[in-house]
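Below: the structure, in structure tokens.
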Amino acid sequence: MKKIIGLIMSLMILTIPLSNVLAINAGQEMVAIGSNLSDDQRKTVYDYFGKEEGDVNEVDITIDDEKKYLENVDPSRIGSKSLSSIYILTRDKGEGLDIELHNIDWLTKDIYENALTTVGITDAKIVIASPINVSGTAALMGVYKAYEQMSGETVPEETKEAATEELVTTGELSDDIGSEDASNLVNELKLSMDDIKDADDSTVKEKINEIANEKDITLTDEQVEQLLKLARNLENVDLSSVSEQLQNISDKFNDSGLWDKIVNFVKDLF
């Protein structure tokens with residue numbers, strides 16, 4: 001009987017999305033450094049961090065770390081060396097994310113904010129830097145490693161995979177529709193997950209197109225399929241724990257859109 005109960009409990013756990021909130025105190029800091037940086041390049045990124053090398057605990061980001069979660073990404077986006085690095089300083093609950101980028105030429109602050117929120121990182125100062133222009137894909141791997149070191153907890157693999165796919169999907173969408181629209185669209189999709197979780201593909205696609213139409217965004221069939229795949233991965237993540245942050249991001253985009261309309265209206269008057 002005990003074995004049967006244990007089996008039932010195990011099955012129940014497997015069917016419940018894992019929480020993505022990491023318990024961590026404010027004021028902790030760590031660097032995740034690209035393992036292929038030269039000594040001069042290390043000094044450059046530490047200058048961007050505003051820190052002296054050796055003053056902050058450090059973990060490495062390797063090219064293998066990137067490839068583990070980015071195996072389906074265009075190799076030109078990853079490169080053959082791990083150069084981008086990150087500095088994290090945790091903040092008090094409710095202070096939000098303060099993201100600073102240096103020499104990151106593909107991913108934007110909005111894209112990082114979305115993916116970090118999916119992981120459950122919602123209150124931190126994060127500096128993402130490289131000595132030369134890079135896509136910035138390695139940075140999220142660095143965040144995973146640094147936060148796991150600081151919190152003593154492991155980010156669930158399902159959450160890592162979903163957030164990494166979100167980062168890349170949003171980046172690829174931004175190439176066609178712009179970073180703000182891409183980030184806004186993906187954030188709204190996450191807010192809709194309770195409604196479409198476990199729904200059939202056609203229902204999820206309808207929801208994706210509905211969101212896009214509301215945002216006046218035109219998507220190709222291939223992009224809808226890409227977002228469908230992302231939605232399936234997001235089903236394994238407990239987004240309810242970051243629902244407030246997702247709504248705050250949505251409000252930010254809506255306020256920005258309203259302001260743009262006001263500015264354009266005034267310009268049209270003259």
Side-chain angles (χ1 to χ4, degrees), residues 13-24 28 30-35 58-75 77-79 82 84-88 90 97 99 104 106-124 126 128 134-173 182-183 186-187 189-190 193 197 226-243 245-246 249:
I13 291 171
L14 288 173
T15 59
I16 298 173
L18 296 171
S19 173
N20 61 337
V21 175
L22 298 175
I24 190 165
Q28 296 192 51
M30 180 166 280
V31 165
I33 197 85
S35 62
E58 183 183 294
V59 292
D60 285 340
I61 312 171
T62 69
I63 194 65
D64 289 336
D65 292 329
E66 293 187 62
K67 290 180 177 179
K68 179 179 179 181
Y69 295 102
L70 299 168
E71 57 184 358
N72 296 321
V73 178
D74 181 350
R77 296 291 191 193
I78 304 175
S82 182
S84 53
S85 306
I86 62 102
Y87 164 76
I88 298 180
T90 57
L97 289 169
I99 300 172
I104 305 300
W106 186 43
L107 302 174
T108 65
K109 292 181 182 181
D110 288 335
I111 295 174
Y112 281 118
E113 181 180 19
N114 264 6
L116 290 168
T117 301
T118 296
V119 178
I121 299 171
T122 57
D123 301 287
I126 300 179
I128 301 170
V134 294
S135 66
T137 52
L140 195 60
M141 316 308 128
V143 173
Y144 296 158
K145 296 185 81 169
Y147 253 75
E148 287 179 336
Q149 286 282 331
M150 289 190 291
S151 68
E153 300 180 28
T154 301
V155 179
E157 285 298 309
E158 295 89 343
T159 301
K160 290 180 183 178
E161 290 170 5
T164 304
E165 179 160 357
E166 177 185 347
L167 188 83
V168 174
T169 297
T170 314
E172 291 177 347
L173 282 173
S183 299
V186 170
N187 189 69
L189 177 62
K190 290 192 289 187
M193 285 307 299
K197 183 183 176 184
Q226 196 174 12
L227 288 165
L228 170 64
K229 182 183 175 185
L230 174 59
R232 292 306 186 202
N233 272 343
L234 289 170
E235 289 177 349
N236 299 316
V237 181
D238 177 21
L239 293 173
S240 64
S241 57
V242 291
S243 58
Q245 287 79 9
L246 294 178
I249 293 172

_Closest contact, heavy atoms only, I63 versus S82_ = N-CB, 3.7 Å

*Any side-chain heavy atom of I126 within less than 4.5 Å of one from Y112?*
no

*Rounded to the nearest 0.5 Å, how far apart are CD of E66 and OG of S84?*
6.0 Å

*With the side chain counted from C-beta on, respond yes when T169 and E166 share a heavy-atom pair under 4.5 Å apart, and no when they do not.*
no

*Separation between NZ of K109 and CD1 of I104, rounded to the nearest 0.5 Å*: 12.0 Å

_Going by the rule salt bridge (charged side-chain N to carboxylate O under 4.0 Å, His left out), which residues pair with E58 if we only count those two or more places apart in sequence or in a different chain?_
R42

_Over all atoms of both residues, closest heavy-atom pair of T137 and L167_ = O-CD2, 4.3 Å

_Please find the pair of heavy atoms, one from E158 and one from V237, that lie closest to each other, and give the distance._
O-CG2, 4.2 Å

*Check A162 against N233 and note the closest heavy-atom contact, atom names and distance.*
CB-O, 3.8 Å

*State whether a side-chain donor-acceptor pair under 3.5 Å links N114 with T117.*
no

*asked:* Return the NZ to CG distance between K145 and D60, rounded to the nearest 0.5 Å.
replied: 6.5 Å

*Ignoring hydrogens and angles, tell me if any N or O in the side chain of N236 forms a donor-acceptor pair with the backbone of T159 under 3.5 Å.*
no

*Hey, does E148 have a side-chain heavy atom less than 4.5 Å from the side chain of K160?*
yes

*Could you tell me whether R232 and E235 make a salt bridge, using a distance below 4.0 angstrom between a side-chain N and a carboxylate O?*
yes

_Distance, nearest 0.5 Å, that separates CG of L189 from CG of L228_ = 9.5 Å

*For W106 and V168, which heavy atoms make the closest approach, and how far apart are they?*
CH2-O, 4.0 Å

*Over all heavy atoms of both residues, which pair between I88 and A124 is shortest? Give the atoms and the distance, please.*
CG2-CB, 4.2 Å

*Side chains of T164 and Y144: closer than 4.5 Å at any heavy-atom pair?*
yes

*Given side chains that start at C-beta, do those of L116 and I99 come closer than 4.5 Å, heavy atoms only?*
yes

*asked:* Let me confirm one number: the NZ-CD distance from K229 to E165, rounded to the nearest 0.5 Å.
replied: 4.5 Å

*T170 side chain reached by L173 side chain, heavy atoms, under 4.5 Å*: no

*Distance from M141 atom CE to I86 atom CD1, nearest 0.5 Å?*
11.5 Å

_Between S35 (side chain only) and I61 (backbone N and O only), is there a donor and an acceptor less than 3.5 Å apart?_
yes

*Do L97 and D123 have side-chain heavy atoms sitting under 4.5 Å apart?*
no

*Hey, mind stepping through V186 and L227 against side chain to side chain contact (heavy atoms under 4.5 Å, CB included) and telling me if it holds?*
CA-CA 8 Å; V186 170; L227 288 165; 4.1 Å; yes

*Side chains of V119 and V143 in contact at under 4.5 Å (non-hydrogen atoms)*: no

*Any salt bridge (charged side-chain N to carboxylate O under 4.0 Å, His left out) involving residues 134-144? Give me the pairs, sequence neighbours left out, ordered by first then second residue.*
none

